Amino acid sequence: MRRLTKCMAACFAVALMFSFAFSDVVSASTGKNTDSINEKFGLPIVVVGDSLSEAQKEQVREDLGVTNTDNVEEIPVTADDIVKYINGDANSRMYSSAMITREDEGHGLDVQIVTPDNITQVTVDMYKNALLTAGIEDATVDVASPVKVSGHSALTGIYKAYDTADGNLDPERTEVANDELDLATDLAQKEGLDNEKVTQLLTDIKQEIAEQNPATREDVEQIVSDQLSKLEISLSDEDRQLLIDLFDKMRELDINFDGVKSQLDDIATTIQDKIDEVAGNEGFWQSVKDFFKSIGDFFKNLFS
């Protein structure tokens with residue numbers, strides 16, 4: 001009886017530990033409630049991947065929090081769109097989708113991936129960086145996919161939504177934003193780099209461009225070199241050149257990153273928090289390992 005009591009106590013301790021350790025991993029309602037229409041900005045736009053089946057489209061609407069389809073404007077995003085907006089392949093299949101809700105000036109850009117397990121390459125901060133480069137600054141964007149995909153068709157859909165709404169997207173800016181996203185996803189797959197490190201690099205370079213307002217390609221090259229050195233990132237000559245070419249294009253387009261500096265600061269802070277969290281989690285998981293070792297020792301002694 002005493003052994004049974006001890007065993008029950010040990011099991012309770014394990015359950016209690018995990019209830020605290022993972023208390024922040026909970027289901028949450030995602031997207032925006034669409035029961036009411038915002039008369040100032042019009043209907044939210046839902047861009048749906050054209051390759052989805054009807055059942056998958058319904059799942060995407062549910063994931064995006066579309067509670068009333070009459071109160072959103074739904075448009076398809078097709079392979080023709082991926083060619084037009086991000087110079088993609090005309091044979092692409094389009095799955096990732098998004099809902100775009102325009103916000104008041106000064107609101108900033110909020111991006112949420114509501115199906116994070118199914119968007120495998122493009123991160124929240126990569127979307128933010130690309131959209132800011134493209135000139136999209138005040139909006140709430142929710143991204144979803146019912147299947148595992150890179151996330152590029154959602155970006156295409158976001159551009160199409162803005163083009164449909166006001167036609168004010170600058171194609172040169174969207175092109176360079178697409179180059180940025182392509183480079184970010186490519187670099188994130190290099191050995192020794194990850195999504196957070198790449199986003200930190202791109203964001204820091206933009207912040208320095210906002211601060212220094214480089215006048216020449218050589219100035220851009222110096223900023224890139226300084227940030228690579230600061231973050232202790234080693235790139236091949238080819239990748240370094242691609243990075244310089246990208247930001248020199250931004251310089252030539254005279255993209256005013258100073259106007260979105262606060263949002264770049266927010267991205268930088270978020271990335272640093274994620275990096276710190278990963279470092280902190282290493283200690284946490286070591287404590288979990290030690291805990292289970294002690295539990296194993298307990299049971300070993302209990303039944304020996």
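Here the structure is a predicted model, which means the values were calculated and not measured.
- Under the 3.5 Å distance criterion, the side-chain polar atoms of S97 are matched with a main-chain donor or acceptor of G49.
- Here the closest heavy-atom approach between residue I119 and residue G151 is recorded as CG2-CA, 4.0 Å.
- The main-chain N or O of M250 is never found under 3.5 Å from a side-chain atom of R173 such that the two would form a donor-acceptor pair.
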Test side-chain contact (heavy atoms from CB on, under 4.5 Å) on Q59 and D63 and set out the steps.
-> CA-CA 6 Å; Q59 180 61 55; D63 290 336; 2.9 Å; yes

I113 and Y127: CA distance, side-chain angles, deciding distance, side-chain contact (heavy atoms from CB on, under 4.5 Å) verdict = CA-CA 10 Å; I113 299 175; Y127 278 123; 3.9 Å; yes

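- Proximity of R102 to Y162: side-chain heavy atoms (C-beta onward) are separated by under 4.5 Å at one or more points.
- Using modelled atom types, one side-chain atom of D81 and one backbone atom of T78 make a donor-acceptor pair closer than 3.5 Å.
- Atom CG of residue D182 and atom NE2 of residue H152 lie 5.0 Å apart, to the nearest 0.5 angstrom.
- Enclosure of atom CD in Q189 by more than 12 non-hydrogen atoms of other residues, nucleotides or ligands within 6.0 angstrom is indicated.
- Considering T115, V111, V114 as possible partners of D142, the one that fulfils the side chain to side chain contact (heavy atoms under 4.5 Å, CB included) test is V114.
- Checked by atom type and distance alone, the side chain of S51 never pairs as donor or acceptor with a backbone atom of R93 at under 3.5 Å.
- Put simply, the side chain of D219 gets close to the backbone of T216: a donor and an acceptor are under 3.5 Å apart.
- Annotation: side chain of I233 is not in contact with side chain of L187 (no heavy-atom distance under 4.5 Å).
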Begin from the C-alpha positions of V46 and M99 and carry the test side-chain contact (heavy atoms from CB on, under 4.5 Å) through to its verdict.
-> CA-CA 4 Å; V46 177; M99 180 162 70; 3.7 Å; yes

Apply the test salt bridge (charged side-chain N to carboxylate O under 4.0 Å, His left out) to residues K57 and E54: give CA-CA distance (whole Å), side-chain angles for both, the deciding distance (0.1 Å), then the verdict.
-> CA-CA 5 Å; K57 289 177 183 178; E54 287 305 317; 3.6 Å; yes

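- For T120 (side chain) and N118 (main-chain N/O), no donor-acceptor pair under 3.5 Å exists by modelled atom type.
- You'll find the side chain of I136 reaches within 4.5 Å of the side chain of Y159, heavy atoms only.
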Check the pair Q212, I223 against side-chain contact (heavy atoms from CB on, under 4.5 Å), reporting the backbone distance first and the verdict last.
-> CA-CA 9 Å; Q212 298 184 31; I223 290 173; 3.6 Å; yes

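- Atoms CG and CG, on D239 and D186 in that order, are 8.0 Å from each other to the nearest 0.5 Å.
- A side-chain donor from one of T133 and K206 sits under 3.5 Å from a side-chain acceptor of the other.
- With rounding to the nearest 0.5 angstrom, the CG atom of D226 is 4.5 Å from the CD atom of Q222.
- Judged as a side chain to side chain donor-acceptor pair (under 3.5 Å), and not counting sequence neighbours, S234 has no contacts.
- Rounding to the nearest 0.5 Å places NZ of K230 at 9.5 Å from CD1 of I205.
- Looking at V60 and Q56, their side chains never come closer than 4.5 Å, going by heavy atoms from C-beta outward.
- Put simply, the side chain of I209 does not reach to within 4.5 Å of the side chain of R251, judged on heavy atoms.
- Remark: the backbone N or O of P171 is paired with a side-chain donor or acceptor of T174 at under 3.5 angstrom.
- Checked for salt-bridge contact, R61 and E58 meet the test: a charged N lies under 4.0 Å from a carboxylate O.
- Within the 4.5 Å cutoff, the side chain of T185 has no heavy atoms near those of the S150 side chain.
- A pairwise comparison of heavy atoms in A90 and A79 identifies O-CB, 3.1 Å as the closest pair.
- Other residues, nucleotides and ligands contribute only 12 or fewer heavy atoms inside 6.0 Å of the CG atom of D237.
- Note: E180 CD to L243 CG = 9.5 Å, rounded to the nearest 0.5 Å.
- Between D248 and R217, the closest heavy-atom pair is OD2-NH1, 3.2 Å.
- The two residues V47 and A161 have their closest heavy-atom pair at CG1-CB, 4.1 Å.
- Nearest approach of A130 to L181, heavy atoms of both residues: CB-CB, 4.4 Å.
- Under the rule for a side chain to side chain donor-acceptor pair (under 3.5 Å), E73 has no partner lying at least two apart in sequence or in another chain.
- Exactly one residue among T101, I100, V66 makes a side chain to side chain contact (heavy atoms under 4.5 Å, CB included) with V72. That residue is V66.
- A donor-acceptor pair is defined here as one N or O able to donate and one able to accept, closer than 3.5 Å; no such pair exists between the side chain of K160 and the backbone of I75.
- Side-chain contact between D89 and I82 is absent, with no heavy atoms from C-beta onward closer than 4.5 Å.
- What you find for L43 and N71 is that their closest heavy atoms are CD2-O, 3.3 Å.
- Here the side chains of M126 and N129 are not in contact, with every heavy-atom distance at 4.5 Å or above.
- Between the side chain of S145 and the backbone N or O of K148 there is no donor-acceptor pair closer than 3.5 Å.
- How far CG of D138 is from CD of E105: 6.5 Å, rounded to the nearest 0.5 Å.
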